A.B. asks: 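Can you keep this structure in mind? I'll have questions shortly.
Everything numeric here is computed off the predicted structure, so don't read it as measured data.
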Amino acid sequence: MKGVRRLSLVLFLVGLVFSVQAFSQESDEAVAVSSDDPFDGLFDGAEDIDGSETRDADATKSADIPVATATKKTLNDIISFNGSVSSSLGILSYISDIVEKTDDSDESLSFSDVFSPFSTFESTFGFTARPSDIFTFRGTLKAKFPDTNAGTNSIKIATDISLALSQLYFDYVLARHVYITIGRTNSNWNVSNIFDTNILNDGKRKNGDISYSVFDTGNRSDSQLFDAIVLVPIWHGQVQAVGMYGNYGTAGNNIKTENLSYAGSLEFNFREFSFSLFARKWADNDSRNMSPALGASFSGDIKGWHFFAWGKFHFTPHLNDFDGFKYIKAVGGIRKYWDMQKIGLMMEYQYVYNRDYQTNEDLIHMNTVALELIWRHVGGTHFSPAVLWAQQINQPYAAGELIPSLSWDGLRYATIRFVTPFFYGNKTTTYQNLTIISTETSPKFLIGIILSLKVNF
């Protein structure tokens with residue numbers, strides 16, 4: 001009897017999926033696309049931004065409580081489709097390596113010594129179904145090249161191409177005041193533009209991954225967890241609780257408590273200011289788990305300038321001295337948009353205390369400063385200069401990067417970008433999916449051209 005019920009349930013779900021796929025229409029919505037290029041989409045829509053802090057659309061709900069209506073909806077009213085296609089082609093030339101090799105008369109230059117071609121591609125296709133004002137069902141399928149998340153619940157269809165169901169979840173409003181979200185959401189609590197402050201996909205670096213990059217890139221993988229989120233608006237703020245489940249290589253049909261992670265936040269808003277407290281506990285079976293974390297953030301707007309301060313600390317339970325803290329991270333920043341001139345400026349500072357580097361006392365405390373500046377459509381033209389600079393100021397491993405660029409977007413859906421990246425100090429970084437290693441005695445200076453295509457539909 002149980003087998004018949006299970007078979008009926010499977011047939012029902014299959015029928016539901018095929019019924020959704022049988023219809024399509026052009027959507028007004030667009031899916032955000034990530035990129036390795038730090039200037040891709042930088043300050044997009046700056047004319048519409050008032051300097052206030054932006055938040056993830058799935059993490060913060062509208063304060064207006066929807067009310068179910070009896071109006072009959074057509075299929076086109078219920079289901080909409082959206083998607084995007086983004087790709088880049090380019091060539092980078094290692095100027096510093098060329099100089100070294102031309103001085104060596106015994107070794108000839110090859111094409112790979114002079115040029116490093118690269119290509120990226122990302123495509124998303126999603127749907128949104130709204131059968132009522134209190135229930136919404138969403139899903140997003142993502143194809144990506146190169147595959148940066150191989151082996152994390154993605155379907156390998158080629159050597160470096162992944163196809164994954166990045167989102168599949170529903171939103172439900174309970175009793176007109178409690179928002180419930182269940183499924184794979186890829187929720188984001190990030191409050192920073194440059195450094196990573198999203199605690200929901202946080203995790204320690206893998207064993208042996210001790211690079212001196214100015215950015216904490218070990219936390220930037222796409223989340224592949226199953227989430228259950230409850231959000232309750234209260235007064236001038238909200239309470240949010242998140243449960244995250246991952247199989248972590250443990251097969252079986254039963255849900256294991258060792259695979260569960262928890263997070264929660266409490267946020268209050270007062271005029272142009274916002275204050276929040278948050279916490280997270282990692283799953284025991286997560287190979288990148290960290291000790292429990294507590295944190296807080298504060299942000300506000302003063303005369304068009306937006307500023308924020310964010311911090312967290314990881315602790316070992318039952319220890320109340322400083323030795324009990326294994327990891328501390330703090331990020332602060334300020335940014336401003338000048339809409340009339342289409343100029344954007346961001347400055348941020350990051351401090352990290354990490355006992356994982358206790359074999360080298362110089363690396364326990366790491367300080368990094370960063371700046372991004374862009375001027376879009378200078379003088380009403382199609383040219384947009386930009387610069388990204390970041391500097392890790394610890395000795396003896398001081399490292400940094402300076403990436404100036406000039407973009408031209410005079411073609412539909414296309415942007416041509418000239419870049420001259422410069423990487424110095426002891427660091428390992430990834431730029432346009434190329435791994436670049438610089439040292440104190442051998443900095444890396446490149447020059448390149450990138451063609452980027454992006455279409456939302």
A.B. asks: Please determine which of Glu401, Lys444, Gln391 meets the side chain to side chain donor-acceptor pair (under 3.5 Å) test together with Tyr424.
C.D. replies: Gln391

A.B. asks: For Tyr245 and Lys256, indicate whether the former's side chain and the latter's backbone hold a donor-acceptor pair under 3.5 Å.
C.D. replies: yes

A.B. asks: Just do the side chain to side chain contact (heavy atoms under 4.5 Å, CB included) check on Asp196 and Asn201 with the steps written out, would you?
C.D. replies: CA-CA 10 Å; Asp196 181 19; Asn201 69 353; 4.2 Å; yes

A.B. asks: For Ser384 and Arg376, run side-chain hydrogen bond (donor to acceptor under 3.5 Å, both in side chains): C-alpha distance rounded to whole Å, both residues' side-chain angles, the deciding distance at 0.1 Å, then the answer.
C.D. replies: CA-CA 4 Å; Ser384 301; Arg376 300 180 64 229; 5.4 Å; no

A.B. asks: Ring-plane angle category for His382 and His377, please: parallel below 30°, perpendicular beyond 60°, tilted otherwise.
C.D. replies: perpendicular

A.B. asks: Please work out whether the ring planes of Tyr327 and His314 are parallel, tilted or perpendicular, with thresholds of 30° and 60°.
C.D. replies: perpendicular

A.B. asks: For the residue pair Phe127 and Phe137, is the inter-centroid distance of their aromatic rings smaller than 6.0 Å?
C.D. replies: yes

A.B. asks: Start with the C-alpha gap between Thr124 and Thr140, add the side-chain angles, then the distance that decides, and say whether side-chain hydrogen bond (donor to acceptor under 3.5 Å, both in side chains) holds.
C.D. replies: CA-CA 7 Å; Thr124 61; Thr140 303; over 6 Å; no

A.B. asks: Among Phe307, Trp310, Phe308, find the one that has a side chain to side chain contact (heavy atoms under 4.5 Å, CB included) with Phe298.
C.D. replies: Phe307

A.B. asks: Indicate yes or no: at least one non-hydrogen side-chain atom of Tyr179 is less than 4.5 angstrom from one of Val230.
C.D. replies: no

A.B. asks: Start with the C-alpha distance between Asp171 and Arg138, add both sets of side-chain angles, then the distance that settles salt bridge (Lys or Arg N to Asp or Glu O under 4.0 Å), and finish with yes or no.
C.D. replies: CA-CA 8 Å; Asp171 290 319; Arg138 294 184 174 94; 2.7 Å; yes

A.B. asks: Decide whether Ser276 and Ser297 meet the rule of one side-chain donor and one side-chain acceptor closer than 3.5 Å.
C.D. replies: yes

A.B. asks: Mind running salt bridge (Lys or Arg N to Asp or Glu O under 4.0 Å) on Lys312 and Asp202 for me, showing each step along the way?
C.D. replies: CA-CA 11 Å; Lys312 67 167 183 173; Asp202 242 345; 2.3 Å; yes

A.B. asks: Give a yes or no on whether the backbone of Thr185 and the side-chain of Gln167 come within a donor-acceptor separation of less than 3.5 Å.
C.D. replies: yes

